[in-house]
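Before any comments, here is the structure.
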Amino acid sequence: MALSTFVASTNRVIALVDMDCFYVQVEERDDPSIKGTPAAVVQYKTYKGGGIIAVNYEARAKGVTRNMRGDDAKAACPEIKLVRVPETRGKADLTKYRDAGREVIQVLNEFDCCVERASIDEAYIDLTEAVEKKLSEMSSDCELDFSNTLPSLDMDCFTGSFVMGYDSTEQWLEALRGSEMPQLDDIKLAIGAEIVGKMREAVYKKTSFRCSAGIAHNKVLAKLVCGINKPNKQTVLPHKSVPQLWSATKVSKVRGLGGKLGDYLIGRLGCENMCDLGKFTENELSAGLGAKTGMWLYRLSQGYDDEAVTPRQLPKSIGCNKNFFGPEALRTKEKAKFWITQLAAEVVERLQRDLEMNNRKAKSLTLHVKFEDQNALSRTCGASPQYNPERLAADAYSIMEKLYQALGVLPINSLGLIASKFEDEIDTSNYTKINDFFKTKPCSSSVLEVEVIDTDSLNSDSSTDKLVDSSSLGPDSSTLGISGSLQKLDENNSTSTSDTVKKPSSNPIESNSIVNPLPSTSITSKHAVSHSNTNVTPKKSETSETKEHRKPFFSFSVTAPTIVSPRKSPRKPVAAAAVSSNEEGSSKLTITKVTQVLAVEECERCGKKFSPWDMETHKDYHAAKDLYREINGMPPLDFDLRPETLRKKEIEQASAERAAKAAQKRPRGRGKGSSSCSSSKRGRPMSANPVPTSSQSKTIDSYFGPKS
DNA sequence: CTTGGCGTCGTGT
DNA sequence: TACACGACG
Ligand SMILES: Nc1ccn([C@H]2C[C@H](O)[C@@H](COP(=O)(O)OP(=O)(O)OP(=O)(O)O)O2)c(=O)n1
Ligand SMILES: [Mg+2]
């Protein structure tokens with residue numbers, strides 16, 4: 001039944017580069033007089049001095065933290081300089097920080113490595129190839145004699161470099177030299193750290209921004225140790241130091257465990273520190289958390305994490321939103337229209353720049369609305385290719401208008417407008433960087449071996465192993481970041497591979513083009529050239545170099561079939577297909593396109609007959625009715641697959657229940673440290689948390705679900 | 001309904 | 001799919 005997949009886990013060299021107090025540094029570069037003094041970036045000065053979103057290290061020393069109000073910061077540190085986030089069209093405008101973040105990515109890309117933009121100020125870098133290249137140069141034709149490779153490291157690259165478990169970099173390297181066994185993994189980390197030292201220096205030279213970095217064998221550990229020595233420092237984590245690190249690491253500090261899953265580990269399993277996870281078998285963890293989350297945690301407890309560095313430097317979406325709380329709530333259609341217009345103007349402006357820089361266009365536009373009763377929803381329509389602000393605003397507002405028709409003019413607390421589903425443009429007339437070709441290295445396929453071991457027995461009936469009452473289980477569905485196709489395979493009880501091999505085939509380089517759903521090539525072809533959308537200053541030319549054949553450093557076998565995504569054959573009648581057509585500017589609530597004209601159509605919902613023209617209007621009626629039911633927590637009319645218990649419940653108290661539930665919604669506290677709400681009430685975990693992020697769950701209670 | 005604002009990403013269904 | 005929602009910067 002269940003299959004376990006084993007991959008080499010300490011053969012990659014992964015770095016996480018994180019800018020120091022980024023927004024403040026951006027402001028300090030603009031106005032150097034700020035440097036060396038306490039400073040913070042705030043947005044919206046009016047309410048209690050605005051909210052602080054970035055704090056420099058001088059101000060941190062005085063106790064100023066993110067999420068403080070500007071007024072609080074002044075109280076804690078009277079001399080602090082507060083810099084305001086620029087405002088455009090009545091809302092915060094983060095353009096200058098996005099631009100600064102791009103500068104940094106540009107520099108990192110000059111090192112010809114696989115770079116993943118993880119956020120506005122963070123990037124993961126897979127250094128495996130670069131390290132092995134350097135290693136092969138160092139040891140030249142000598143056999144595996146690394147004893148003289150270490151002296152060739154440029155020690156200037158190690159200033160401000162730390163190694164977990166050692167007093168100094170020198171001590172670590174000395175230990176490596178003196179070791180009987182060749183410590184190949186550590187040597188790779190050392191070479192990686194040297195490269196990262198050069199990268200950080202280049203970033204400073206070209207942007208004047210300081211950053212810190214973590215260097216480890218995987219993303220989770222690289223990110224974790226990056227934060228241990230800051231600012232302007234880097235930290236290496238040899239695998240053998242993992243136990244020591246884990247014994248001093250609260251679970252909530254680990255990426256993906258800062259939320260409900262972390263709460264579960266603490267509250268249900270008693271795991272305060274990461275080392276406590278080691279007390280559990282994989283089966284025990286899987287029992288309460290699902291197979292994938294369980295395996296992820298089990299492997300993490302040993303310091304392993306297989307998530308790939310995905311080569312991508314461009315955002316997948318461009319959006320903006322604004323909150324309107326309390327008295328500012330939008331209570332009229334006119335106000336909603338006004339603000340949608342403002343948001344549309346910003347989005348279009350950014351889309352236009354994105355088109356010029358990256359030669360791609362958004363195909364999808366989504367409006368997010370949160371009402372005063374805390375109910376939120378989003379609706380999507382096609383994005384007009386014109387990139388015209390009035391047009392975009394009109395399309396977005398037409399969605400809003402339909403919501404109003406279905407729900408009434410409810411007060412709005414938040415509006416968001418997001419463009420996504422980018423595709424490369426064929427026409428390059430808007431492309432300002434026509435000569436920009438680039439080379440992006442895909443992530444390393446550091447897989448040494450993928451052995452598939454049939455472990456039918458593991459998951460069979462080990463109920464006796466469970467430490468956790470299965471009545472409180474989260475859903476067994478969890479994700480581990482496995483791509484959709486592989487996940488499908490998993491459902492079929494096939495093998496799920498590690499993420500390091502999740503995208504071996506179709507599209508190793510970043511591209512917004514529609515991906516060929518049929519993986520075909522082998523992972524061995526790793527260098528690729530594309531003129532697509534990375535805003536990278538490329539290598540000189542389109543050196544369409546094919547991968548040099550390396551000595552079989554590793555063997556590789558994929559267990560996942562190469563055929564994925566069995567496309568649903570279109571069984572639906574033509575008219576039905578037309579309903580889902582995603583014509584630009586029309587949300588799903590409006591059916592504007594019929595691809596086949598029929599004399600009379602029969603409504604799928606109620607059986608009534610209409611002309612195609614009238615059917616449009618008629619379906620709007622159903623759509624509005626469905627929306628009303630959805631808003632009130634009621635199931636769709638035509639089928640209800642929910643458990644009997646829920647079905648009963650909703651019949652009389654749907655509306656009230658949903659309202660109450662919405663009112664109960666509470667954003668989870670994000671305070672870093674000690675202070676927490678004294679109230680006993682804590683955001684209830686709602687679902688078994690896939691890794692590393694989680695998803696919705698309406699019916700599953702929680703990790704802490706009713707204990708009995 | 002202010003443990004805050006704005007912005008991304010991933011994932012189940 | 002479109003949508004909801006968690007997690008995080
Ligand atoms: N809740 C948050 C967290 C971060 N940011 C922005 C401001 C930060 O400057 C930037 C980077 O976030 P980091 O968590 O990396 O924090 P800093 O870079 O400011 O500081 P550090 O030196 O700890 O990385 O993202 C934000 O707007 N809201
Ligand atoms: Mg940072």
Side-chain angles (χ1 to χ4, degrees), chain A residues 18-19 22-23 42-44 47-48 50-54 66-69 72 85 91-94 97-98 101 116-122 223 252 255-262 292 307 310 312 315-329 343 346 350 364 366 368 370-381 411 413-414 416 418 420-421 475 477-484 487 491 568 580-582 587-588 630 641 662-672 675-677 679 682-683 685-700:
Chain A
D18 183 310
M19 308 309 294
F22 188 48
Y23 289 12
V42 296
Q43 63 185 3
Y44 298 138
Y47 176 72
K48 294 185 177 178
I52 290 180
I53 57 176
R66 170 174 299 144
N67 302 326
M68 264 183 179
R69 308 291 175 182
D72 305 335
V85 173
K91 68 175 288 300
D93 181 356
L94 304 181
Y97 311 114
R98 289 192 189 93
E116 175 180 344
R117 176 195 193 272
S119 79
I120 198 168
D121 89 321
E122 287 181 7
K223 166 127 187 77
S252 66
R255 189 195 66 172
L257 302 183
K260 295 167 186 177
L261 179 53
K292 285 169 189 161
E307 188 182 303
T310 302
R312 179 180 52 76
K316 296 173 142 181
S317 63
I318 288 179
C320 60
N321 64 79
K322 178 158 177 59
N323 291 344
F324 309 93
F325 279 119
E328 302 188 329
L343 296 177
E346 178 181 327
R350 287 163 57 193
S364 179
T366 302
H368 285 258
K370 188 157 102 183
F371 296 99
E372 200 172 42
D373 63 3
Q374 299 305 294
N375 286 320
L377 59 80
S378 69
R379 288 295 182 269
T380 303
C381 68
N413 268 143
S414 176
I418 294 94
S420 61
K421 297 199 190 322
S477 67
S478 56
T479 63
L480 263 176
I482 302 293
S483 67
Q487 189 133 29
E491 287 167 10
K568 265 186 259 179
S580 62
S581 94
N582 194 20
S587 77
K588 282 201 105 173
E630 178 195 330
L641 300 178
Q664 205 173 310
K665 272 182 202 166
R666 195 140 308 211
R668 202 195 139 86
R670 298 174 63 193
K672 288 204 100 161
S675 75
S676 72
C677 192
S679 157
R682 180 157 209 186
M686 292 298 288
S687 78
N689 230 333
V691 178
T693 62
S694 71
S695 171
Q696 77 190 72
S697 80
K698 285 184 173 158
T699 56
I700 304 299

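Just so it is clear: chains get the letters A, B, ... in the order the sequence lines come, proteins before strands, and each one is counted from 1.
Atom NZ of A/Lys91 sits about 6.0 Å away from atom OH of A/Tyr44, to the nearest 0.5 Å. Remark: A/Lys370 NZ to A/Leu377 CG distance equals 12.0 Å, nearest 0.5 Å.
Atoms CG (A/Asp121) and C1' (B/dC9) sit 15 Å apart, rounded to a whole Å. With rounding to whole Å, A/Lys260 atom NZ is found 12 Å from C/dC8 atom P. To the nearest angstrom, C1' of B/dT8 lies 10 Å from CD1 of A/Ile418. Remark: P of B/dC6 and CZ of A/Arg98 are 12 Å apart, rounded to the nearest angstrom. Note: CG (A/Asn321) to C1' (B/dG5) measures 8 Å, nearest angstrom. In this structure, A/Asp93 places its CG atom 14 Å from C1' of B/dG5, rounding to the nearest Å. Separating the CZ atom of A/Phe324 from the C1' atom of B/dT2 is a distance of 16 Å, rounded to the nearest angstrom. Following rounding to the nearest Å, A/Lys421 (NZ) and B/dC9 (C1') show an atom-to-atom distance of 13 Å.
Here A/Arg379 reaches the OP1 or OP2 of C/dC3: one of its side-chain N or O atoms lies under 4.0 Å away. Of the side-chain N and O atoms in A/Arg312, one or more sit less than 4.0 angstrom from OP1 or OP2 of B/dC9. Note on A/Asn323: a side-chain N or O is less than 4.0 Å away from OP1 or OP2 of B/dG5. Proximity of A/Lys370 to the phosphate of C/dA4: no side-chain N or O atom is located under 4.0 Å from OP1 or OP2. Contact check, A/Lys223 against C/dC8: no side-chain N or O comes under 4.0 Å of OP1 or OP2. At the phosphate of B/dC6, OP1 or OP2 sits under 4.0 Å from a side-chain N or O atom of A/Tyr44.
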Q. What do the steps show when you test A/Asp121 against A/Tyr97 for side-chain contact (heavy atoms from CB on, under 4.5 Å), and what is the final call?
A. CA-CA 9 Å; A/Asp121 89 321; A/Tyr97 311 114; over 6 Å; no
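Of the candidates B/dG7, B/dC9, B/dT2, the closest approach to any side-chain atom of A/Lys316 belongs to B/dC9. Closest to the side chain of A/Asn67, out of B/dC6, B/dT8, B/dG4, is B/dG4. Residue A/Leu377 places its side chain closer to C/dA4 than to any other of C/dA4, B/dG4, B/dG7. Set against C/dC3, C/dC8, B/dT8, the side chain of A/Ser378 has C/dC3 as its closest nucleotide. The side chain of A/Arg69 sits closest to B/dG4 out of B/dT8, B/dG4, B/dG10. Checking C/dA4, B/dT8, C/dA2 against every side-chain atom of A/Thr380, the shortest atom distance belongs to C/dA2.
Within 4.0 Å of A/Glu122, counting heavy atoms only, lie sugar-phosphate atoms of the nucleic acid but no base atom. Within the nucleic acid shown, A/Glu116 has no heavy atom closer than 4.0 Å to any nucleic acid atom. A/Ile120 comes within 4.0 angstrom of nothing in the nucleic acid, heavy atoms only. Using a 4.0 Å heavy-atom distance criterion, A/Arg117 is classed as making no nucleic acid contact. Within 4.0 Å (heavy atoms only), A/Gly416 reaches no atom of the nucleic acid at all. Nucleic acid contact for A/Gly319: sugar-phosphate only, since backbone atoms but no base atoms lie under 4.0 Å from a heavy atom of the residue. The residue A/Tyr47 sits close to a base: some heavy atom pair falls under 4.0 Å. Using a 4.0 Å heavy-atom distance criterion, A/Lys48 is classed as making no nucleic acid contact.
As rounded to the nearest Å, B/dC1 and C/dG9 have P atoms that lie 30 Å from one another. Spacing between C/dG6 and B/dG4 at atom P, rounded to whole Å, works out to 13 Å.
Not a single side-chain hydrogen bond (donor to acceptor under 3.5 Å, both in side chains) links A/Asn413 to another residue, sequence neighbours left out.
Across A/Thr310 and A/Glu116, no two heavy atoms sit closer than the pair N-OE1, 2.7 Å.
Residue A/Gln43 places a side-chain atom within donor-acceptor reach of the base of B/dG5, judged by atom type and a 3.5 Å distance cut-off alone.
Sequence order on DNA chain B of the closest nucleotides to A/Glu372 and A/Ile53 puts A/Glu372 first from the 5' end.
In this structure, the side chain of A/Arg350 engages the main chain of A/Gly319 through a donor-acceptor pair within 3.5 Å.
Under the 4.0 Å criterion applied to side-chain N and carboxylate O atoms, A/Lys322 and A/Glu346 are not assigned as salt-bridge partners.
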